[in-house]
Amino acid sequence: MEKRFDPSSYEKKWQERWSEGEFFMAEAPSSKPSFCIMIPPPNVTGNLHAGHALQTTIQDLLTRWKRMCGYNALWLPGTDHAGIATQLMVERQLIQEGTDRQSLGRERFLERAWEWTRQHSGHIRSQLDRLGASCDWSRERFTLDELLSKAVRAAFVSLYREGLIARGEYMVNWSPGLETAISDLEVEMRAVAGKLYHIAYPVEGSDERIVVATTRPETMLGDTAVAMHPQDDRYAHLRGGKAILPLVGRQLAFITDEAVELEFGTGLVKVTPAHDLTDFEMGQRHDLESLQVIDRKGRMTAEAGAEFAGLDRFVARERVVQMLQEQGYLVKVEDYAHNVGHCQRSGVPVEPMISTQWFMDVEGMAGQALEAVASGDLRLVPDSWNKTWDHWLENIRPWCISRQLWWGHQIPAWYTPSGEVFVAASREEAAELAGTDEITQDPDVLDTWFSSALWPFSTLGWPEDSADFRTFYPTDVLVTGFDIIFFWVARMVMTGLHFTGCTPFHAVHLTGLIRDADGQKMSKTRGNTVDPMELVEEYGADAVRFTLAILDSPGRDIPLDLDRMAGYRSFGNKIWNAVRFSLSRVGRATVQESLEVAELAAPERWILSRLSKTAKEVNEKFAEYRFDEACQRLYHFFWGELCDWYIELSKPALAGDSPRPQVGEVLLTVLDRSLRLLHPVMPYLTEELWQRLPGREEIHPATICLAPYPVAEVAWEDPATEGRMEVFFQIVAWARNLRAEIGVPPRDKATLFLDSADAEMLSFLGDLEAMAIPLLRLDELRLESPPTDAHSDVVAGVAVGLVIPEREMSAEDRERLVGEREKLLEQRERTQDLLANEAFLAKAPDKVVEQNRLRLEEIRDRLERLEAGLAGDGPGVS
RNA sequence: GGGAGGUUAGCUCAGUGGAAGAGCACCUGCCUUACACGCAGGGGGUCGUGGGUUCAAAUCCCUCACCUCCCA
């Protein structure tokens, strides 16, 4: 076996073999229970980032675990067409070529977009493959596939016919950057250091001037009223009168409306129904005229007046302010920090605008989604998200689902020349409904998230009653970042409940955000992003996966620490060498399916007992989505118990110095199960090493991917042996510590004395003689009371003594012992006080009282030895 | 303004009522033929502040401070 541990020497090999085989293909139908995860589809033309690597790791871990547990496991991969993102990329390409989408035309633009998509479509797969993702690629899906498009049309038509989707003229969030409407979720509030302009409006037929305050003076050009709160007595005299709009001269009625805040500015506000949501609603209540003064590109319209028409809205603002100033209407300007909605994608301030769009009424579905979490049908992990979930769904508003884009699912609505609308799954059907062939399809496309919302079932063939749908739906768990809990998760739950009558998954594991080592958010602008493929290159996929999994503690962001990743690569090296060593020493031994523990010596019984408990715990932790704790346990078991203790203890037996029954068999069997336990997290390394274990082909499938996942072996659990071995380990630690503290050169041999009133314990320790001697570099082990010239102490009830020839107690030794005595005295006092406390004796559980009694006893024993050592001339006590 | 989370060893984080843990970093000694991506040993924390409940609090309750994020 190669001495060098080098992940690159085997990771690609297994990646290729796995993809040749059909290990990851799920069956439908199947006699086995199903387990299904739908990948959150990455953007088809995108790149995997660190967050994807985390989610991929978790999803693959779960899928591999369940597959090994005997489930018909499906992890369905796929990509999203990502309407805006992809369209922007193609448009950028066109601009470089000196053209644009308008001059290309819709059809040719879409051809280009498909070409672009095809060019990139293999990229995501190759990255997932490299991470070891065990997806079923025979079921790969793309949101614009015909299969999914059919589902999108079916869902749209159904919702339309139920009256839950409708077209209407409302105020929407308009992105002048993208020139499309966007949903509330795509608006990002940003703190802006703006100004508050106080503007005087003359009152008609009076010398009085009222003052209104606004952060957006350019919208005054579209004002059609002035509003006050109905209980505001300050302006009662103005009711029924009119104000005159400066610069324009239009008459503005005074209206009263509850929406006006008494405390804001003077209490009088300008009303611009076409460019502010509150004003729009007031406009509807009071039947106000609505004047659109800003267009789709964010420029002033002709309605704004000849002086402003065509100006950018921010240029117009300066101009309006300047003119107000010149004409004496500007009362004052204050600095004003406020939040302004920005288009998440383009970064441009959103322009509230009245426009005709398709809206989906989600209130009823939101109620069902609320109920699903409240009743426990759907579990959010961690459940600290429940409140956020409730709050959002309780305040949900209609979802604007139409986008003025070309790349996406074109809305399945057709119009007759007279403007009548027919919604149908196909043009033919629409024509039939319309009774004419002269129909044109709505040019808009659906919000990308509309098709994503159907992902868990559209990918399985819904609305057809397919074998896949019957086998895998509802799916089991969704693994995704909390940042898309509303964009995606809530909407999948809503549509799932609506169309399929159940939540599309039973649990949602929400991962934290990957941050850099300093805890900073990763972003392209900061330049601190990490390319997971580079990490894989440097550390190996297994180390990347192990690091991400062990750092994934619930509800917390993950600072990606590369030192730590290097540490887990070392763990791979450790595993490699443990197997290499074992294979070179076990002779003809083979992996066993089961072992009869009664015939085994203590170290074998101990490691098998520990293995059983580890298997039990790892299964439990996986089931609880505590991947961090599961990995912690695996790491500690393999390194801290198997390597540090068991392999060391088995060396004398393997060398034939002190044979024990079935040492090789036990070692190989423990390795077999350990590798299987580790496989979901470290698939490559475990497969590579597992293949080399002699005898495993007799009892297992050809790949570790399909081998059974280890569970607890109750017959192997042996608490008594574990307890005694623990005493032995403590004694070894005591002796090692002593040797190191007093600086005994490693070559110097010593004699260990052990004595105990517990005869069984003593004989147990005596049986470990052959192991204690090399571990502690002893001349001999003697089961008798330590002589006076020994360094002695009491460890776990056993009197221990170490005699190191030709050494006298130095000043440092004495000093150390005095320090030790101080500590013991302090502890004795504390424990004595506690045991003298009647309330404690009365109320604390017996177990705790007993624990403290034993503690006190041991402290006294140790003090006694220590005092004796300090008093005598010998090496003393430690 | 509303909500969520955080504050534990130099760093990044586990730990939810009974004497403070991990990885990395650090110090000391070791190339003990599986592994220097290693072995052994060690130092290091009044568990943010103030109060309360309890025989017993990092852990439960309240106050305050600071940090992060989400929503309006």
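All heavy atoms count here, side chains included; hydrogens, waters and symmetry mates do not. Numbers restart at 1 for each chain; the letters A, B, ... are given by sequence-line order, proteins then strands.
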Closest to side chain of A:Tyr635, choosing from B:A72, B:G23, B:G18: B:G23
What is the pairing partner of B:C39, taking Watson-Crick or G-U wobble pairs with both distances under 3.5 Å in any strand? B:G29
Say we look at B:G52 and B:C13: how far apart would their P atoms be, to the nearest angstrom? 33 Å
Using a 4.0 Å heavy-atom cut-off, does A:Arg564 contact any base of the nucleic acid, only the sugar-phosphate backbone, or nothing at all? base
Side-chain donor or acceptor of A:Glu648 under 3.5 Å from a matching atom on the base of B:A34? yes
Gap between atoms CD and C1', on A:Glu829 and B:A19 respectively (whole Å): 15 Å
Could you tell me whether A:Asp644 contacts a base, only the sugar-phosphate backbone, or nothing, with contacts defined as non-hydrogen atoms closer than 4.0 Å? sugar-phosphate
Between the side chains of A:Glu629 and A:Arg633, is the shortest nitrogen-to-carboxylate-oxygen separation below 4.0 Å, so that they form an ion pair? no
With a 4.0 Å cutoff (strictly under), does any side-chain N or O of A:Lys387 reach OP1 or OP2 of B:G3? no
From B:A14, B:A19, B:U68, pick the nucleotide closest to the side chain of A:Gln827? B:A19
On the nucleotide B:G15, are OP1 or OP2 found under 4.0 Å from the side-chain N or O atoms that A:Arg626 carries? yes
Applying a 3.5 Å limit to both distances, which nucleotide forms a Watson-Crick or G-U wobble pair with B:A58? none
Considering just the side-chain nitrogens and oxygens of A:Trp639, establish if one lies under 4.0 Å of OP1 or OP2 belonging to B:C39. yes
Rounded C1' spacing from B:G43 to B:U49 in Å: 29 Å
By nearest-nucleotide position on RNA chain B, the 5'-leaning member of A:Ala740 and A:Asn573 is A:Asn573
Could you please name the option among B:G38, B:A34, B:C13 that lies closest to any side-chain atom of A:Arg580? B:A34
Suppose we call a contact any N or O donor and acceptor under 3.5 Å apart; does that hold for the side chain of A:Arg855 and the base of B:A19? yes
Rounded distance in Å between the C1' positions of B:G38 and B:U33: 13 Å
Name the pairing partner of B:G1, where a pair is Watson-Crick or G-U wobble with both distances under 3.5 Å, or state none. B:C71
Can a donor-acceptor pair under 3.5 Å be found between the side-chain atoms of A:Lys574 and the base atoms of B:C35? yes
Please tell me if A:Ser553 has a side-chain N or O lying less than 4.0 Å from either OP1 or OP2 of B:A14. yes
Base, sugar-phosphate, or nothing for A:Arg556, non-hydrogen atoms under 4.0 angstrom? sugar-phosphate
Classify A:Arg569 by what it touches in the nucleic acid, base, sugar-phosphate, or nothing, heavy-atom distance under 4.0 Å. base
Would you kindly give the CG-to-P distance between A:Asp390 and B:A4, to the nearest whole Å? 11 Å
OP1 or OP2 of B:A19 under 4.0 Å from side-chain N/O of A:Thr831: no
How far, in whole Å, is B:G41 from B:C24 if one measures between their P atoms? 15 Å
Integer-rounded Å distance: B:C71 P and A:Asp483 CG: 11 Å
Closest to the 5' end of RNA chain B, once A:Val732 and A:Arg4 are matched to their nearest nucleotides, is A:Arg4
Would you mind checking if A:Glu188 and A:Arg190 are paired as a salt bridge, meaning a charged N to carboxylate O distance below 4.0 Å? yes
Between B:C13, B:C55, B:A34, which nucleotide has the shortest distance from any of its atoms to the side chain of A:Pro559? B:C13
Write down the partner of B:A65 under the Watson-Crick or G-U wobble criteria, each distance required to be under 3.5 Å. B:U7
If you measure only the distance, is there a donor-acceptor pair under 3.5 Å linking the side chains of A:Asp390 and A:Asn386? no
Taking B:C67 as the reference, what is the distance to B:C62 when you measure between their P atoms (whole Å, please)? 22 Å
For atom C1', what is the distance between B:G18 and B:A65, given to the nearest Å? 30 Å
Is any NZ, NE, NH1 or NH2 atom of the basic residue among A:Arg660 and A:Glu604 found under 4.0 Å from an Asp or Glu carboxylate oxygen of the other? yes
Who pairs with B:A22 - Watson-Crick or G-U, where each distance is under 3.5 Å: B:U12
For A:Glu2, is there an ion pair with A:Arg692 - N to carboxylate O distance below 4.0 angstrom? yes
Side-chain N,O (A:Asn395) to OP1/OP2 (B:C71) below 4.0 Å: no
How far apart are the closest heavy atoms of A:Ile804 and A:Ala750, and which atoms are they? CG1-CB, 3.9 Å
Honestly, is A:Lys574 close enough over A:Phe5, meaning NZ or CZ under 6.0 Å from the six-membered ring centre and within 45° of the axis? no
Just how far, in rounded Å, is C1' of B:C71 from CD1 of A:Ile484? 18 Å
Measure the distance from CD on A:Gln344 to P on B:C70 and round it to the nearest whole Å. 10 Å
With a non-hydrogen cut-off below 4.0 angstrom, is A:Trp389 in contact with a base, only sugar-phosphate, or nothing? nothing
A:Arg216 bridged to A:Glu351 by N-O distance under 4.0 Å: yes
Would you mind reading off the distance between A:Asn737 atom CG and B:G43 atom P, rounded to a whole angstrom? 8 Å
Please state how far atom CG in A:Leu654 lies from atom P in B:U33, giving the value in whole angstrom units. 16 Å
Interatomic distance at C1', B:U28 relative to B:A14, whole Å: 28 Å
Any base atoms under 4.0 Å from A:Glu741, or only sugar-phosphate, or nothing? Heavy atoms, all strands. sugar-phosphate
Using purine N1 to pyrimidine N3 plus N6-O4 or O6-N4 for Watson-Crick, or N1-O2 and O6-N3 for G-U wobble, both under 3.5 Å, which nucleotide pairs with B:G44? none
Has A:Arg585 got a side-chain N or O lying under 4.0 Å from the OP1 or OP2 atom of B:A34? yes
Any strand is fair game: report the nucleotide pairing with B:A34 by Watson-Crick or G-U wobble, both distances under 3.5 Å, or none. none
Candidate list A:Phe637, A:Trp576, A:Phe546, test ring-ring contact (aromatic ring centres under 6.0 Å, His included), partner A:Phe571, passing option: A:Phe546
Separation between the P atoms of B:G2 and B:U8, rounded to whole Å: 27 Å
Closest contact, heavy atoms only, A:Ala630 versus A:Lys621: CB-CB, 3.7 Å
Are any of A:Lys651's side-chain N or O atoms less than 4.0 Å away from OP1 or OP2 of B:U33? no
Distance check needed: B:A14 P versus A:Glu629 CD, whole Å only. 10 Å
OP1 or OP2 of B:C35 versus the side-chain N and O atoms of A:Lys3: is any pair under 4.0 Å? yes
